[in-house]
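Take a look at the structure below.
Heads up: numbering here begins at 1 and tracks the sequence. As the structure lists them, so they are numbered: ligands from 1, and atoms in each ligand from 1.
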Amino acid sequence: MNVLVVNAGSSSLKYQLFDTSNDTVVAKGLCDRIGIDGTLEHKRLADGKVYSAQVKMDNHSQALKYLVEALLDKDHGCVSSMSDIEAIGHRVVHGGAYFSESVLVTEDVLAKLELCRDLAPLHTGAHIMGIQGCLDVMPNTPQVLVFDTAFHQTMPKEAYMYALDYDVYEKYAVRRYGAHGTSHRYVAGEMLKLLDKPVEETKIITCHLGNGSSISAVKGGKVIDTSMGFTPLAGVMMGTRCGDMDPAIVPFLMQKLDLNPDEVNTYMNKKCGFLGISGVSSDCRDIEAAIAQGNERAALSIKMLGYQIRKYIGSYTAAMDGVDAIVFTAGIGENTASVRAEALRNLSYFGIEFDEEVNAATKGRSGVTKLSTENSKVAIYMIPTNEELVIARDTEAIVKAL
Ligand code: AMP
C-alpha cells in the first residue's frame, strides 16, 4: 500500500511516501514557510531526483496541493494518479488520555483531538490544519492519526499521577503523558525480536536521546513509566530544555529574572540544557567539538546527561524488578558514544557491561549494533529509530481492515 506519512508543524509540513509492501520510502520532502512565502523540497528516492521550488503557500491546504502535484509530476513524481496514494498517516504529538492507539479520522476523533488542544496548543493546531488540508485536497483518502503519547497510555496510575491536589488532575487533566511514544514503541519492538524470551517476561529500558530526550520502562511489551511528563520539558536535560528540577526554582526565577509565566516557560524550554550549561550550543556535535578544545562546561554537560540517564536506568530497573535490555536511539542515542558511555558507567551492580571499543565505533549508520559484552547480564543495543515506518504500518493496518 502507498501511504503518505505527514508530520504537520505550524509553518511546515514534512512528508514521506511509503510503499508498505517492502517498507521503503518512495519519495520525501518538506513544505516550509507555510503562511510566509513558501518553499517545497521534494526528493524521489529511486533515482535521487530532487525538485525544489518557491511556491506561495497561504495555508496547509495549499501546501498539500503542491505536495500532491510533486508526487504526480511526470519529471520528478512517483505515482501516476491521486488514487495511488491509498492512505494518509499523521504524526500527532498529543492524544491526551483519549487515544491509547492509532485511529481512523472521523468526526468523533476530530472532536476529541480538539479537546487535546490545551495540552499541546501549537502542535495540535498544526496537526488539525494538516488533517484539514488533506481533507480539502484528497477528500476520499482515508486518514489515520498516530499519537506520540499513545504507547505510554499503559502506565499505571501510580506512575502517571503527580502528588498535586486531586482536583487539579480531575479538572485540568494534569498528569504524566510522556512523549516520543512511537519511537519507544519501534525500538522496543525491534529489541523484543532480539530477546529470546516470551514478551510477557521481558523488561526493556528504551533511551530516546535527541534534541528532545525521554526514557521509558517497557515491561511485558507495555510502558509502565516514562521520563517525560505533563509536557516534554520533564525528564533528563536536553538540547535547550532543563528537564527535571526542584519546582520551587520556577517562582524563584520568575522573581529574580522578572519573568512572567510565558517567559519562564520559554526560558526553561529554549535557554537551558546543553545550551545553558555549556554556553556553546544545543547540538551535541558542537559540544563534542568544544570538549576537544578543552571546554570544561561542555564536558560537564555530557557528564550531567550521562549521570541523569544512569539514574533513570537504576530507577526503572527497580520499577520493573529487573532489566533484560537497554536500547539507545535517536540523534544522540545513535551517534554520540560519549553520552552512551557516561550513561552505562558504574552499573556493575546490575551486571551491566558494555564494550568500550564497539561503543566508540557505533553510529546510527552502523545499523542495529550490540554494545554489551558477552559477560553482561543485560543486553545493550543501539537501534536506529523509524517513527515514520510505524506510522505507515499502523495506517496500512487500520485502512486494510475497513
Ligand atoms: P534528533 O532530535 O534525534 O534529530 O537528534 C539531534 C541530536 O543528535 C543533536 O544534538 C545532534 O548533535 C545529535 N547528533 C550527534 N551525531 C549526529 C549525527 N551524526 N547525525 C544527527 N544527529 C547527531
Atom pairs and distances, donor-acceptor, side-chain atoms in residues 27-40, under 3.5 Å, two or more places apart:
from  : atom 1 : to    : atom 2 : distance (Å)
Arg33 : NE     : Asp37 : OD1    : 2.7
Arg33 : NE     : Asp37 : OD2    : 3.4
Arg33 : NH2    : Asp37 : OD2    : 3.3

Kindly say whether Ile88 contributes a backbone atom to a donor-acceptor pair with the side chain of Gln143 at under 3.5 angstrom?
no
All side-chain hydrogen bond (donor to acceptor under 3.5 Å, both in side chains) counterparts of Lys311, not counting sequence neighbours
none
Aromatic contact, Tyr177 with His94 (centres under 6.0 Å)
yes
Output the set of protein residues with a heavy-atom contact under 4.0 Å to ligand 1, ordered first by chain identifier and then by residue number.
Gly210, Asn211, Asp283, Cys284, Arg285, Ala330, Gly331, Ile332, Asn335, Thr336
Whether His208 and His184 hold their rings parallel, tilted or perpendicular, with breakpoints at 30° and 60°:
tilted
For residues 104-116, pull every pair meeting side-chain hydrogen bond (donor to acceptor under 3.5 Å, both in side chains), keeping only residues two or more places apart or in separate chains.
Asp108-Lys112, Glu114-Arg117
